[in-house]
Amino acid sequence: MKELEFTQKRTLSRTEAADQLEALAAALRRGGQAELELGPGRLTVRVPDELRTEIEVELDGDEIELEIEMSWRTGQPEEPGQSTG
(Lines give C-alpha, C1' and ligand atoms only; values in the text may rest on other atoms or scores of the structure.)
Protein backbone atom coordinates (compact mmCIF):
# COMPACT_ATOMS: atom_id res chain seq x y z
CA MET A 1 0.00 0.00 0.00
CA LYS A 2 1.23 3.48 -0.79
CA GLU A 3 2.27 5.66 2.15
CA LEU A 4 0.48 8.90 2.93
CA GLU A 5 1.62 11.60 5.30
CA PHE A 6 -0.10 14.88 6.01
CA THR A 7 1.09 17.50 8.47
CA GLN A 8 -0.93 20.54 9.38
CA LYS A 9 0.43 23.35 11.53
CA ARG A 10 -1.69 26.33 12.41
CA THR A 11 -2.48 28.66 15.28
CA LEU A 12 -5.79 28.07 17.05
CA SER A 13 -7.50 29.66 20.00
CA ARG A 14 -7.75 27.51 23.12
CA THR A 15 -11.46 27.01 22.34
CA GLU A 16 -10.78 25.95 18.74
CA ALA A 17 -8.14 23.47 19.91
CA ALA A 18 -10.59 22.05 22.46
CA ASP A 19 -13.29 21.74 19.77
CA GLN A 20 -10.88 19.83 17.53
CA LEU A 21 -9.89 17.44 20.33
CA GLU A 22 -13.53 16.95 21.39
CA ALA A 23 -14.54 16.04 17.83
CA LEU A 24 -11.75 13.47 17.66
CA ALA A 25 -12.63 12.09 21.11
CA ALA A 26 -16.30 11.74 20.10
CA ALA A 27 -15.30 9.85 16.94
CA LEU A 28 -13.06 7.53 18.98
CA ARG A 29 -15.84 6.94 21.53
CA ARG A 30 -18.37 6.09 18.79
CA GLY A 31 -15.97 3.71 17.13
CA GLY A 32 -15.96 2.68 13.53
CA GLN A 33 -14.71 5.70 11.63
CA ALA A 34 -13.22 9.06 12.49
CA GLU A 35 -13.45 12.00 10.12
CA LEU A 36 -10.53 14.41 10.26
CA GLU A 37 -10.54 17.90 8.77
CA LEU A 38 -7.38 18.40 6.73
CA GLY A 39 -7.30 21.90 5.40
CA PRO A 40 -9.82 22.14 2.57
CA GLY A 41 -10.70 18.42 2.65
CA ARG A 42 -11.56 15.61 5.03
CA LEU A 43 -10.02 12.20 5.65
CA THR A 44 -12.06 9.32 7.03
CA VAL A 45 -10.19 6.52 8.79
CA ARG A 46 -11.40 3.30 10.37
CA VAL A 47 -10.46 3.12 14.05
CA PRO A 48 -10.31 -0.32 15.70
CA ASP A 49 -11.43 -1.08 19.26
CA GLU A 50 -7.81 -1.06 20.50
CA LEU A 51 -4.94 1.21 19.51
CA ARG A 52 -1.50 2.21 20.77
CA THR A 53 -0.99 5.66 22.25
CA GLU A 54 2.00 7.77 23.18
CA ILE A 55 1.97 11.08 25.04
CA GLU A 56 5.11 13.20 25.04
CA VAL A 57 5.67 16.48 26.89
CA GLU A 58 8.76 18.57 26.19
CA LEU A 59 9.77 21.64 28.17
CA ASP A 60 12.27 23.89 26.42
CA GLY A 61 12.84 27.27 28.04
CA ASP A 62 9.54 29.13 27.87
CA GLU A 63 7.91 26.70 25.41
CA ILE A 64 5.94 23.52 26.13
CA GLU A 65 5.31 20.94 23.42
CA LEU A 66 2.62 18.31 23.95
CA GLU A 67 2.33 15.48 21.41
CA ILE A 68 -0.42 12.88 21.41
CA GLU A 69 0.19 10.01 19.01
CA MET A 70 -2.21 7.18 18.19
CA SER A 71 -1.40 4.27 15.92
CA TRP A 72 -2.99 1.02 14.78
CA ARG A 73 -2.73 -1.54 12.04
CA THR A 74 -5.06 -1.33 9.07
CA GLY A 75 -4.95 -5.07 8.32
CA GLN A 76 -7.04 -7.87 9.75
CA PRO A 77 -6.97 -8.18 13.56
CA GLU A 78 -4.62 -10.78 14.94
CA GLU A 79 -6.17 -14.00 16.27
CA PRO A 80 -5.58 -14.68 19.98
CA GLY A 81 -2.34 -16.56 20.53
CA GLN A 82 -0.72 -15.40 17.29
CA SER A 83 2.37 -13.22 17.29
CA THR A 84 3.82 -11.15 14.46
CA GLY A 85 7.29 -10.84 15.85
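In this chain, numbering begins with 1 at the start of the sequence shown. In this text, all values refer to a predicted model and were calculated from it rather than measured experimentally.
- Note that the CD atom of Glu65 and the CD atom of Glu56 stand 7.0 Å from one another [nearest 0.5 Å].
- To the nearest 0.5 Å, the span separating CZ on Arg52 from CD on Glu69 amounts to 9.5 Å.
- Contact detail for Thr74 and Arg46: the closest heavy-atom pair is O-NH2, 4.0 Å.
- Under a 3.5 Å cut-off, the side chain of Glu63 and the backbone N or O of Asp60 do not form any donor-acceptor pair.
- Side-chain contact between Thr53 and Ile68: absent, with no pair of heavy atoms (C-beta onward) separated by less than 4.5 Å.
- Across all their heavy atoms, Ser71 and Leu51 have their closest contact at O-CB, 3.5 Å.
- Under the 4.5 Å side-chain heavy-atom criterion for ILVMFWY residues, a single connected hydrophobic cluster contains both Leu28 and Val45.
- Counting heavy atoms from C-beta outward, Met70 and Val47 have side chains that stay 4.5 Å or more apart.
- The line from CG of Leu66 to CG of Leu59 is 10.5 Å long, rounded to the nearest 0.5 Å.
- Considering CD1 of Ile64 and CD of Glu58, their distance stands at 11.0 Å, rounded to 0.5 Å.
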